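A short write-up of the structure that comes next.
Note that the structure is predicted; figures quoted are calculated from it, not measured. Residue numbers begin at 1 in each chain, while the letters A, B, ... track the order of the sequences.
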Amino acid sequence: MSSNSLSSFSTSSDPQSRSTSASGSPLLAGLNPPQQEAVTLPPEPALILAGAGSGKTRVLTTRIAWLVSTGQVSPMGILAVTFTNKAAREMLARLGAMISVNLKGMWIGTFHGLCNRFLRAHHRDAALPATFQILDSQDQLSAIKRLLKALGVDDEKYPPKQLQFFINSAKEQGLRAGDIDDSDGYNRRHIELYQAYDDQCQREGVVDFGELMLRSVELLGRSDAIREHYRARFSHVLIDEFQDTNPLQYQWLKLLGSPGGGIFAVGDDDQSIYAFRGADVANMHRFESEFGVKHLIKLEQNYRSHGNILDAANALISNNAGRLGKNLWTEAGAGEPIRVMETSSDLLEAQWVVEEIKGLIADGQLRSDMAILYRSNAQSRVIEQTLFHAGIPYRVFGGLRFFERAEVKHALAYLRLMENPHEDTAFSRVVNFPARGIGARSIEQLADLAKQQGSSLYSASGLLDGKAGTSVRGFVQMIESMRFETQGLSLRETVQVMLERSGLVAHYQAEREGQERVENLEELVNAAAAFDYDAVVADPDAPAEQAVMSALSAFLSHASLEAGDNQAAEGQDAVQLMTIHSAKGLEFHAVFLTGLEEGLFPHENSMTELNGLEEERRLMYVAMTRARRRLYLSMSQTRMLHGQTRYNMRSRFMEELPEGNLKWLAPRVAARSMSSMSAVGGLDDSESNWRRPAGAWTRQGMGQSNTGGGGGQPSSLAWSGSAGHESGYKVGEAVRHSRFGDGVITALEGSGNDARAQIRFKRDGSKWLALSVAKLERV
DNA sequence: GTTCCACGCGTTTTT
DNA sequence: CGCGTGGAAC
C-alpha cells in the first residue's frame, strides 16, 4: 500500500530490481498501488484478499510475468495452480501475451492436472502402474456399483451415491479408511466399503479425482527426497481462488511450499461458495498463521460495477460473521439503482425479464452481455420457454459435456482397455456394447471367477467355460488385435481403428436417433488429432523426472481431467442462462437475478446446515457482483416446483439491501406489520393487473393505487401478501403450535390432505407441517 | 435385446 | 412437472 509511484513509464530503472516499489516495468503500467505492491512482493508468504472485480487474475499473472522477466526465477521455478482448466488456460494465454519465454517449463494447471503430472513422473514411488487411468465421477459411481454387487451388498441399504459421497468427503479431508473414527459404529460399514473400493481401484490400476490428490500428498509426505526436490525447484508457488481449497489441497500446498518461501495465495473469503463439496474457507485463516504470512494485501478497488450495485453487495455481505474484512469501492460513480420486481407467478417473472431484455436489445446491448441467473437449474425451464416464445436467442450453461456423453465414454472405454486390459470398469462398460451376446449372466459368472482368482475380468476370461467363455474370449481377442493393429499409428489413426473394429460407429449409424452420436464420435477423432501431447505431459526442462507415457495414455488423462465444454454452440450472440455457481468469475453488462424467495434462495436445505445461510449469502454476493452496470432482482409470490404451486415469501436477503440503492418496479402492498398482513390483499385487487399481457409490463408500474405506482420506496419489511392458499393460511402469517410455540408461515404448498406449511418457529427453527395434522392457531 | 411403463426423486459442481 | 432408473414384458 505504501507504493505511491503510480504507473510511471520510467525506462531507467533496473529490470533486475527486487524493490517492492514500482520498478517501472511496463508490466506494472495501469496497476493501482496495492496491485503493484502485490505483484512485486518479495518471495515470502503472501495472502492477497482480492474482492470481486478487483483484478485478481491480472495480479496473479502479472506477478508471474514480473518474476520471470526480472530474472528472479526461471520459468521452471514457477508452480501456479487453479481449480478449473478454464482458469489455467486463461492464465497461460495472458502470460503468453505478456512475456516471451517458454511457458512449458512452468507448472501451471489445475490441482488435479498437476497431481496427474506428478504421479505419472513418480508412478513407481506412488505404487501405481505407468498406465494408471483416471476415473471421473461417473466412472467412480459405476466402479462403486460394481463393487457393491461383487460384495453382495444391498444397494438399497447402502446407496452407491451415498458411498461415493462418503469416500470423496473422506479423501477431501485427507483420510484413508483406516484413519476414520468408527468408535460409534455408525460408519463401520462405510469404512469397510471405502477400503474395499480402494483395494479394487488399486487392483485395476485406476485412481479417482480425490485419489490423484491424496496419493500425491502421501508421496510428498513420505519421501523426503521427492518433496525436497520439488520444494527446491518451485521457488514460487501461486494459488488462485484460495478460498475454494479443501483440506487435502491445503496439505498439498503445505508440502510443496517451502516454509517462509515464495507462496502467493489469492482469494476472497466472501466468494467461498463451494463448502458443500469440501472447500473450507478456514484454510485462509490457517494459511495466515501456519505459513507465517508476511504480506497481507487487500485489493478493494472494484473495476467492474457501479456504486449502487457495490454498496448493496457490501451491505449484504456485512451480515456475515467472521469475515476477513474487506469493503469494495469504485471510482465509477453510483450509476443506476438496482431494479427490483415482484410478480405473482414465475411465468410473469420470466415475461418481465424478457420484456426488459427486449428493451436492452433495443438500446443496442449485446445479448451475450446479459445474464439470467438462478439458484437452481430447475428454475431455468420457465425462462427458457419464455425466451423461446419471444424469439430471443439464449444459451444455457450446464448439462452434459463432451467427454461425458455415453457414446464418447464407450469409445474411451475401448481405448482404456487397449492401454490397460485389466481395467474392469472399462471392460464391463463395453464387453457387451455394441451387443455381442454377452448377457448379465455371463458377466456374473466371469465376475465370480475373477473374484476367486483375485484377478481382473480380462484375466479370468480364459477360465470361463461354454458359449459364454467363447464370446468373452472373442471380445478379448478383439481388444488384443486392436492393440496390435494400432502399434506405431498416430493417436488419430488409433481412434479411427478402434471405432471401426469395435463396431461403435456402425452401431450408431444403424440407430434411428444415432446421427448426433456418430457426429460426436467423429468429433472424438478430431479431438485426438488436435491433441497436443506436449501441452499435457511434456516438461522439456526436466526430462529426468518424466516417465515415459504413451500419447494414448495422455489423451485418456486429458479426457478424464477435462470434460470439455458444457455450453451450447458458441458463436451466436445469445442471452446467457446459468446458475449463480457457474457465474462465478464472469461479468455482464446486465444481470437478472431471479427467484429471490425464501426456501429457494436462501435454499431451504441450506438452513439446516451449519453456516449454510452464510454460504447462501455469499452466493447472493457473488451473483450481485457479476453486474457491471445494471442489476435486476426479481421474485415471484408463487412458483411451480415439483409439479406443485408453492407460495413463497420474499427472500430475507432483500431486507439486507439498503433501500437507497434500490428502485422497486413492482406494485406493492404496503403492510406495516406481519399481523396486519392477513387483512391485506387477497387475490382480488391485484389479479387483474397481474394478468396483463407481457407487453404492458413497463417501468411505470402497474397502476396499483396503493403504492403510488412503480418506483415507490416501500418499507423494507413490507410483504406483499396478495397470494393466498386454499387452506386460508397465508405466507407471512403468525401462528402458534401447541408444541413448537410461536412461528411464522414461510411457505405453503399442496392441497387437500397434502397441504403443508413451512413454519419458521422462534424456538425450533424451520419445519414443514401437514395442515391436516398440525394444530395451529392464529396469533 | 429392445421397449415401455411405473416409480422415485428433485440445491449448488469441478476435477 | 420432467427426468433417469430399473424391472418387466414383448
Side-chain angles (χ1 to χ4, degrees), chain A residues 81-88 109-116 134-142 145 155-156 159-161 165 168 171-172 207-214 216 240-241 244-246 248-249 272-279 346 373-382 384-385 397-401 403-404 406 432-441 507 510-512 557-564 566 578-585 595 599-609 612 615-616 618-620 622-623 639-646 749:
Chain A
V81 57
T82 63
F83 276 85
T84 65
N85 292 298
K86 195 177 157 200
T110 63
F111 277 102
H112 296 87
L114 295 176
C115 282
N116 179 43
I134 301 163
L135 303 183
D136 67 16
S137 314
Q138 282 180 40
D139 300 331
Q140 185 188 33
L141 190 63
S142 7
K145 283 181 181 165
D155 58 5
E156 300 268 293
K161 283 223 170 93
F165 178 78
N168 289 339
K171 289 189 179 181
E172 278 156 9
V207 296
D208 58 46
F209 289 135
E211 188 70 23
L212 279 173
M213 290 292 323
L214 187 48
S216 303
D240 193 16
E241 305 275 17
D244 288 337
T245 51
N246 65 37
L248 183 58
Q249 289 158 336
S272 161
I273 56 174
Y274 284 110
F276 71 92
R277 66 175 195 215
D346 46 357
L373 307 185
Y374 33 81
R375 174 68 235 274
S376 61
N377 286 305
Q379 288 165 251
S380 74
R381 168 165 265 108
V382 207
E384 283 185 63
Q385 281 168 353
F397 283 66
L400 267 198
R401 282 130 22 119
F403 286 112
E404 291 169 352
N432 195 36
F433 193 94
R436 40 179 81 88
I438 304 171
R441 227 27 256 281
H507 175 263
E511 240 181 22
R512 293 172 293 287
S557 296
H558 168 77
S560 300
L561 288 170
E562 184 157 3
N566 61 357
M578 65 191 86
T579 64
I580 299 166
H581 282 91
S582 20
K584 193 171 126 181
L600 201 66
F601 193 20
H603 197 279
E604 56 199 7
N605 294 357
S606 304
M607 317 225 208
T608 51
E609 290 163 31
E615 179 143 324
E616 296 286 306
R618 290 191 291 270
L619 206 43
M620 174 85 177
V622 167
R639 185 172 297 275
M640 194 67 158
L641 202 64
H642 308 328
Q644 282 188 315
T645 303
R646 291 186 46 153
E749 66 173 37

Sequence neighbours excluded, the answer for ring pair (Phe, Tyr, Trp, His ring centres under 6.0 Å) partners of A:F83 is A:F111

Contacts of A:H507 meeting ring pair (Phe, Tyr, Trp, His ring centres under 6.0 Å) (sequence neighbours excluded), chain-then-number -> A:F433

Which part of the nucleic acid does A:N85 contact within heavy-atom distance under 4.0 Å: base, sugar-phosphate only, or nothing? sugar-phosphate

Residues passing the side chain to side chain donor-acceptor pair (under 3.5 Å) test with A:R277, sequence neighbours excluded, are none

Between [N] ([atom2]) and [X] ([atom1]): distance, integer Å:
| X | N | atom1 | atom2 | value |
| --- | --- | --- | --- | --- |
| A:E404 | B:dT14 | CD | P | 8 Å |
| A:F403 | B:dT14 | CZ | C1' | 16 Å |
| A:D139 | B:dT15 | CG | C1' | 12 Å |
| A:H558 | B:dT15 | NE2 | C1' | 13 Å |
| A:N168 | B:dT15 | CG | P | 15 Å |
| A:Q138 | B:dT15 | CD | P | 14 Å |
| A:E562 | B:dT14 | CD | P | 12 Å |
| A:L248 | B:dT15 | CG | C1' | 12 Å |

Using the side chain to side chain contact (heavy atoms under 4.5 Å, CB included) criterion, which residues pair with [X]? Sequence neighbours excluded.
| X | answer |
| --- | --- |
| A:D155 | A:L148, A:P160 |
| A:Q385 | A:R381 |
| A:S216 | A:C115, A:F118, A:L119, A:W252 |

*Is the shortest heavy-atom distance from the side chain of A:F209 to the side chain of A:L135 under 4.5 Å?*
no

Polar side-chain atom of A:H581 near backbone of A:I273 as donor-acceptor pair, under 3.5 Å = yes

A correct 5'-to-3' footprint of nucleotides 2-10 of chain C, with B, S and - meaning base, sugar-phosphate only and no protein heavy atom under 4.0 Å, is SS-------

Given protein heavy atoms under 4.0 Å, the one-letter contact record of nucleotides 5-13 of chain B, with B base, S sugar-phosphate only and - none, is simply -----BBBB

Relative to its sugar, using the 90° cut-off around 0, the base of B:dT12 is anti

Rounded P spacing from B:dT13 to C:dG4 in Å
16 Å

Quiz prompt | Euclidean distance for P, B:dT12 against C:dT5 (whole angstrom) | solution = 16 Å

Contacts of A:R639 meeting salt bridge (charged side-chain N to carboxylate O under 4.0 Å, His left out) (sequence neighbours excluded), chain-then-number -> A:E349, A:E597

Next on the checklist: Is there a side-chain contact between A:R401 and the phosphate of B:dT15, meaning an N or O under 4.0 Å from OP1 or OP2?
Outcome noted: yes

